[in-house]
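Everything numeric in this text was worked out from a predicted model, so none of it was measured.
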Amino acid sequence: MLDNFPRGTICIEDIEIGMTRHLLKQVTDRDIELFAEVSTDRNPVHLDDDYAQDTIFEGRIAHGMLTAGLISAVIGEQLPGHGTVYLGQTLKFLAPVRPGDMVRAEVEVMDMDIAKRRVTLKTQCTIEGKPVLKGEAMVLAPSRKFD
């Protein structure tokens, strides 16, 4: 994985509207197999080349939630980072992610309620600039007041 910023914590007192963070990750066959094992989602569209060839995708695709998990990684490791609590997430899947694809997962601060430590984030994943997932997350950010 390639991060554009160090991992750690950005406290609510230091977050600003418009801040962004991202990571890049190439989705591998092993990622898909491990996600199938952990989630118990063994839909053959993810695991069986012959089966997947006869679907609307014309080949295997990664689990949508595997892709969404990359958003979670950016939120939990970079913005706001360690100590963040996920409160909610909307997702819209726009295009399939295939084994070998390089996914860019990005979050952007859209709104904040500093008193409640709530941060609204625009979330998206792209492949070569083409959106494959978009949504919005609401998180509870860490605060220096509680350190």
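The two residues Gln78 and Arg21 come nearest to each other via the heavy atoms OE1-CB, 3.3 Å. When all heavy atoms of Arg60 and Arg98 are compared, the closest pair comes out as O-NH1, 3.5 Å. Of all heavy-atom pairs between Gln89 and Thr123, the closest is NE2-OG1, 3.0 Å. Summarising the geometry of Gln124 relative to Ile71, their closest heavy-atom pair is O-CD1, 3.4 Å, with the distance given to 0.1 Å.
Grouping the Ile, Leu, Val, Met, Phe, Trp and Tyr side chains by contacts below 4.5 angstrom, directly or via other members, places Leu66 apart from Val45. Cluster membership for Met138 and Val109, using ILVMFWY side-chain heavy atoms within less than 4.5 angstrom, is not shared. If you chain together hydrophobic residues whose side chains sit under 4.5 Å apart, Ile17 and Leu140 never meet in one group. Criterion: ILVMFWY side-chain heavy atoms under 4.5 Å apart, direct or through other members. Under it, Val74 and Met110 are not part of a common hydrophobic cluster. The hydrophobic clustering, which links ILVMFWY residues whose side-chain heavy atoms are closer than 4.5 Å, places Leu70 and Ile61 apart.
Using a 4.5 Å heavy-atom cutoff, the side chains of Leu23 and Glu77 are not in contact. Here the side chains of Glu106 and Thr126 are not in contact, with every heavy-atom distance at 4.5 Å or above. Inter-residue side-chain proximity for Pro80 and Ile75 is flagged as met; some heavy-atom pair is nearer than 4.5 Å. Looking only at side-chain heavy atoms (C-beta outward), Glu108 and Met19 stay at 4.5 Å or farther from each other. Counting only heavy atoms from C-beta outward, the side chains of Met65 and Asp41 never approach each other to under 4.5 Å. Under the 4.5 Å side-chain criterion, counting only non-hydrogen atoms from C-beta, Asp14 is in contact with Arg144. Pro99 places none of its side-chain heavy atoms less than 4.5 Å from the side chain of Thr28. Put simply, the side chain of Val103 reaches to within 4.5 Å of the side chain of Ile127, judged on heavy atoms.
Interatomic distance, CD1 of Ile15 versus CD1 of Ile10, reported as 6.5 Å (0.5 Å rounding). Here Leu121 contributes atom CG and Met112 contributes atom CE; the two are 10.5 Å apart, rounded to the nearest 0.5 Å. If you take OG1 on Thr9 and CG on Leu79, they are separated by 11.0 Å, rounding to the nearest 0.5 Å.
Here ring-ring contact (aromatic ring centres under 6.0 Å, His included) pairs that include residues 43-63, with residues two or more places apart or in two chains, are Phe35-His63, His46-His63.
Glu58 contributes no side-chain N or O that, together with a main-chain N or O of Gln53, makes up a donor-acceptor pair within less than 3.5 Å. The main-chain N or O of Ile12 is never found under 3.5 Å from a side-chain atom of Ser143 such that the two would form a donor-acceptor pair. Between the side chain of Arg104 and the main chain of Leu24, no donor-acceptor pair closer than 3.5 Å is present. With Glu136 contributing its side chain and Thr120 its backbone, the two residues share no donor-acceptor pair below 3.5 Å.
Every side chain to side chain contact (heavy atoms under 4.5 Å, CB included) that Glu33 has, sequence neighbours left out, goes to Asp29, Leu47.
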